[in-house]
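Report on the structure given below.
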2 protein chains.
Amino acid sequence: MTDDKITIDDVAKALGISKTTVSRAISGKGRVGNSTRAKVMEFIEKHNYRPNVMARALAQQRTFNIGVVWPCDYNAVDLPFFQRCMIGMSEITSSFGYDIVVSLIAGDDLSSLKRIIENHKVDGVVLTRTMVNDTPAMYLKESGVPFVAIGKTDDPDIITVDNDNLGACKELTSILLAKGLRKLALIGGSTNHIITRTRYEGFVDAFESMGLEVDQNLVYLDIENNIKIGGIIKTLLKKNIDGVICMDDSIAGEVISRCRDEHIRIPDDLRVASFYNSSLLESTVPSVTSLNFNDRNLGAEAARTLLAIIAGENAQSKMLKNYEVILKESTK
Amino acid sequence: MTDDKITIDDVAKALGISKTTVSRAISGKGRVGNSTRAKVMEFIEKHNYRPNVMARALAQQRTFNIGVVWPCDYNAVDLPFFQRCMIGMSEITSSFGYDIVVSLIAGDDLSSLKRIIENHKVDGVVLTRTMVNDTPAMYLKESGVPFVAIGKTDDPDIITVDNDNLGACKELTSILLAKGLRKLALIGGSTNHIITRTRYEGFVDAFESMGLEVDQNLVYLDIENNIKIGGIIKTLLKKNIDGVICMDDSIAGEVISRCRDEHIRIPDDLRVASFYNSSLLESTVPSVTSLNFNDRNLGAEAARTLLAIIAGENAQSKMLKNYEVILKESTK
DNA sequence: TTGTAGGCGTTATCAG
DNA sequence: CTGATAACGCCTACAA
């Protein structure tokens with residue numbers, strides 16, 4: 001039962017045939033007699049034979065692993081986005097017999113990424129976000145390893161998979177504008193992240209397509225620490241605003257809390273919406289209007305694309321259009 | 001600069017010595033002349049030579065990967081716990097030249113775990129939680145692969161690393177009892193997870209050590225879905241309770257929201273505390289009394305232990321004592 | 001259809 | 001201290 005270390009050679013000898021034939025029977029490459037194949041399959045099934053992946057990796061220079069680059073800045077640590085993406089990726093990779101090697105990168109330290117690339121531990125990489133000065137992307141590009149980035153990028157050589165953040169943010173903003181709101185504030189994270197810029201663009205587009213102009217005094221970007229939000233809210237209130245759009249739900253949660261401190265009623269005194277929704281917002285009161293994306297599906301699509309590239313097919317960048325605008329109490 | 005496919009043989013030939021010597025110079029095993037070693041080191045530095053891990057893995061039957069089993073039930077998906085643990089593990093494994101292969105397992109489907117084990121893709125495994133019917137643990141034990149579990153277990157053969165959940169939960173409960181609260185409710189998740197049982201034990205211990213008895217009518221376990229919490233709160237309010245202890249902050253957040261619905265003031269009408277704290281609770285109002293553990297450190301310790309086992313040292317189970325009881329507004 | 005032999009890049013063994 | 005040579009387990013021309 002626990003014949004653990006049985007090799008292809010053992011199989012061959014036991015069956016009185018050559019390793020080559022066994023190999024072919026298993027891989028399906030090359031012609032093998034039906035009866036022979038059946039014999040082999042039955043035997044390996046019975047004895048629970050598994051080809052040694054390391055040996056195969058060495059022989060055909062493939063690892064059947066993909067790398068996933070996972071940012072772990074202070075902010076990203078608690079976001080469920082990456083976890084959800086990974087689940088989607090895992091579903092796809094699993095079904096292709098691939099496994100996932102994670103590479104956590106903090107700040108500019110690419111050493112863990114370099115290690116898995118230089119050591120040939122992966123056949124390709126998924127980058128889970130894009131940045132303005134994207135050192136990981138540049139490194140990967142230079143290294144020649146197949147990779148896919150989740151998020152937008154300027155570089156046409158890089159294959160990306162992304163949600164339609166621009167369209168979604170524009171739509172949500174438009175809805176608020178259509179309600180007659182005009183003095184809308186925007187609070188968002190690091191402008192080093194492309195997604196922050198895209199969300200901002202969507203916000204601006206909504207204004208422009210209605211012939212309105214964004215008041216830059218109401219835009220707060222690079223707010224990487226929720227501590228600052230209390231002050232921002234106080235400042236904003238003096239400016240007599242109609243509503244606040246938060247780029248993610250962590251910011252939204254903080255905004256709601258600080259409003260409560262200031263005895264600001266939502267939505268009566270102020271409307272609040274978020275460009276990203278996760279369970280963080282689930283139990284807030286009032287419930288928050290937000291955008292809902294399918295992160296899992298995004299990850300799955302990224303993995304699918306990467307595997308296609310690895311298989312030699314020429315894949316193209318994709319934009320997933322399915323998102324939901326969830327209108328809740330906070331903007332009534 | 002981009003001499004990517006340079007092998008040990010290339011190094012040997014370029015230096016006019018044998019592969020063996022180069023190998024020894026790099027690994028440090030076996031005696032090599034100092035001048036020779038220096039030459040080798042200089043050369044590989046300059047030409048950026050990296051030993052092929054796959055070849056090494058094949059030769060010495062080691063992969064320099066560890067597997068991390070990551071549950072992805074509906075509940076676990078958004079918990080930051082696993083992510084934080086993994087960051088801690090990654091810090092340690094990285095410093096030993098190891099990488100992390102994740103195995104997401106949903107429900108009883110062990111296929112991804114089996115794949116990485118049977119394919120010899122990892123040298124050991126970290127199990128990130130323990131269960132009552134722990135099929136992953138049993139499988140690993142049977143397979144003979146070195147592994148460490150995060151969490152408690154009955155099986156003395158299994159090496160574990162865990163926080164002192166029992167002591168922490170007992171302490172927090174004791175503090176509330178010491179404030180004179182007596183009718184304390186408890187809401188928690190699946191009793192299939194050992195941690196739920198441990199937390200419950202801590203709760204009970206606190207009562208017993210004060211000569212009090214737990215009112216089982218106020219204990220709600222196996223609440224795996226926050227939707228039920230609204231009803232529970234309503235029921236509890238009729239029972240005229242003093243406070244609610246939630247096993248994690250997702251539950252706590254929900255409890256607070258539902259209390260607000262019912263116009264219950266916290267802490268005036270009801271005290272609330274949580275056995276686990278994450279950023280989910282960060283911006284709630286009122287701030288919630290809770291236990292604070294260092295998940296990252298927990299992961300690091302687990303990785304350290306696993307690597308020790310892999311290295312052949314005989315490691316022992318560890319309990320990390322450092323946690324914080326954070327007293328906040330919700331129990332004033 | 002099947003088998004033989006060589007190679008993938010390292011490490012381990014055993015001589016020198 | 002150093003070097004051939006044989007594993008490690010699998011794949012793939014090339015032959016038969």
Side-chain angles (χ1 to χ4, degrees), chain A residues 3-41 43-44 47-65 97 115-123, chain B residues 3-41 43-44 47-65 97 117-123 311-312:
Chain A
D3 273 345
D4 213 350
K5 284 162 188 171
I6 159 174
T7 78
I8 198 173
D9 216 48
D10 300 326
V11 178
K13 278 176 186 155
L15 263 44
I17 58 181
S18 81
K19 300 194 296 182
T20 316
T21 310
V22 177
S23 173
R24 278 195 281 249
I26 294 171
S27 71
K29 295 176 183 176
R31 285 177 290 280
V32 186
N34 280 328
S35 65
T36 315
R37 157 172 289 119
K39 251 194 319 189
V40 172
M41 296 314 261
F43 186 90
I44 68 176
H47 294 281
N48 193 35
Y49 162 73
R50 294 292 179 148
N52 180 318
V53 189
M54 291 307 150
R56 183 197 296 180
L58 184 60
Q60 51 181 40
Q61 314 283 39
R62 299 181 63 189
T63 63
F64 296 94
N65 286 143
R115 196 174 54 239
I116 65 172
I117 298 300
E118 291 175 348
N119 285 341
H120 307 284
K121 278 196 174 182
V122 296
D123 298 336
Chain B
D3 273 342
D4 214 349
K5 284 161 190 172
I6 158 175
T7 76
I8 198 173
D9 217 48
D10 299 328
V11 179
K13 278 174 186 156
L15 262 44
I17 57 182
S18 79
K19 303 195 293 183
T20 316
T21 309
V22 177
S23 174
R24 277 196 282 252
I26 295 172
S27 71
K29 295 177 184 177
R31 283 175 293 279
V32 186
N34 280 329
S35 64
T36 315
R37 155 171 292 120
K39 252 196 317 193
V40 172
M41 296 314 261
F43 186 90
I44 67 175
H47 291 19
N48 194 34
Y49 161 74
R50 293 291 179 149
N52 179 318
V53 187
M54 291 308 151
R56 181 193 295 179
L58 183 60
Q60 51 180 40
Q61 315 282 42
R62 299 181 61 188
T63 63
F64 297 94
N65 286 143
I117 299 300
E118 293 174 347
N119 285 342
H120 307 284
K121 278 196 173 182
V122 297
D123 298 336

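Residue numbering restarts at 1 for every chain, and letters A, B, ... go by the order of the sequence lines.
Note on A/T36: only backbone sugar-phosphate atoms sit closer than 4.0 angstrom, heavy atoms only; bases stay farther off. Contacts of A/R37 with the nucleic acid, taken as non-hydrogen atoms under 4.0 Å apart, are absent.
Summary of the strand contacts: B/Q61 and B/G16 both lie near DNA chain D, and taking for each the nucleotide with the nearest heavy atom, the more 5' one is attributed to B/G16. Nearest-nucleotide assignment on DNA chain D puts the 5′-proximal partner with B/V32, out of B/V32 and A/S27.
B/T63 and B/A57 make their closest contact through CA-CB, 4.1 Å (heavy atoms, listed as atom of the first residue, atom of the second, distance). Shown here for A/R24 and A/V32, the closest heavy-atom pair between the two residues is CB-CG2, 3.5 Å. When every heavy atom of B/P51 is checked against every heavy atom of B/R56, the shortest pair comes out as CG-NH2, 3.3 Å. The nearest pair of heavy atoms linking B/V11 to B/F43 is CG1-CD2, 3.8 Å. Taking every heavy atom of both residues into account, A/N65 and B/K121 meet most closely at ND2-NZ, 2.9 Å. Summarising the geometry of A/N48 relative to B/E118, their closest heavy-atom pair is ND2-OE2, 4.0 Å, with the distance given to 0.1 Å.
Taking side-chain N and O atoms only, B/S23 has a distance below 4.0 Å to OP1 or OP2 of C/dT11.
Set against C/dT10, C/dC8, C/dT13, the side chain of B/T20 has C/dT13 as its closest nucleotide.
We find that CG of B/D10 is positioned 9 Å from P of C/dT10, with the value rounded to whole Å. Between B/I8 atom CD1 and C/dC8 atom P the separation is 14 Å, expressed in whole Å. In this structure, A/I26 places its CD1 atom 15 Å from C1' of C/dT2, rounding to the nearest Å. The interatomic distance linking B/R24 (CZ) with C/dA12 (C1') rounds to 9 Å, in whole Å. Nucleotide C/dT2 holds its P atom 18 Å from the NZ atom of A/K19, rounded to whole Å. Atom CG of B/N52 and atom P of C/dG7 are 17 Å apart (whole Å). We find that CZ of B/R56 is positioned 8 Å from C1' of C/dT10, with the value rounded to whole Å. Residue A/K39 contributes atom NZ, which lies 12 Å from atom C1' of C/dT1 at whole-angstrom precision.
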Trace of the side chain to side chain donor-acceptor pair (under 3.5 Å) decision for A/T21 with A/S18
CA-CA 5 Å; A/T21 310; A/S18 81; 3.2 Å; yes

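Put simply, chain A comes within 4.0 Å of DNA chain D, heavy atom to any atom, from D/dG9 to D/dA13, going 5' to 3'.
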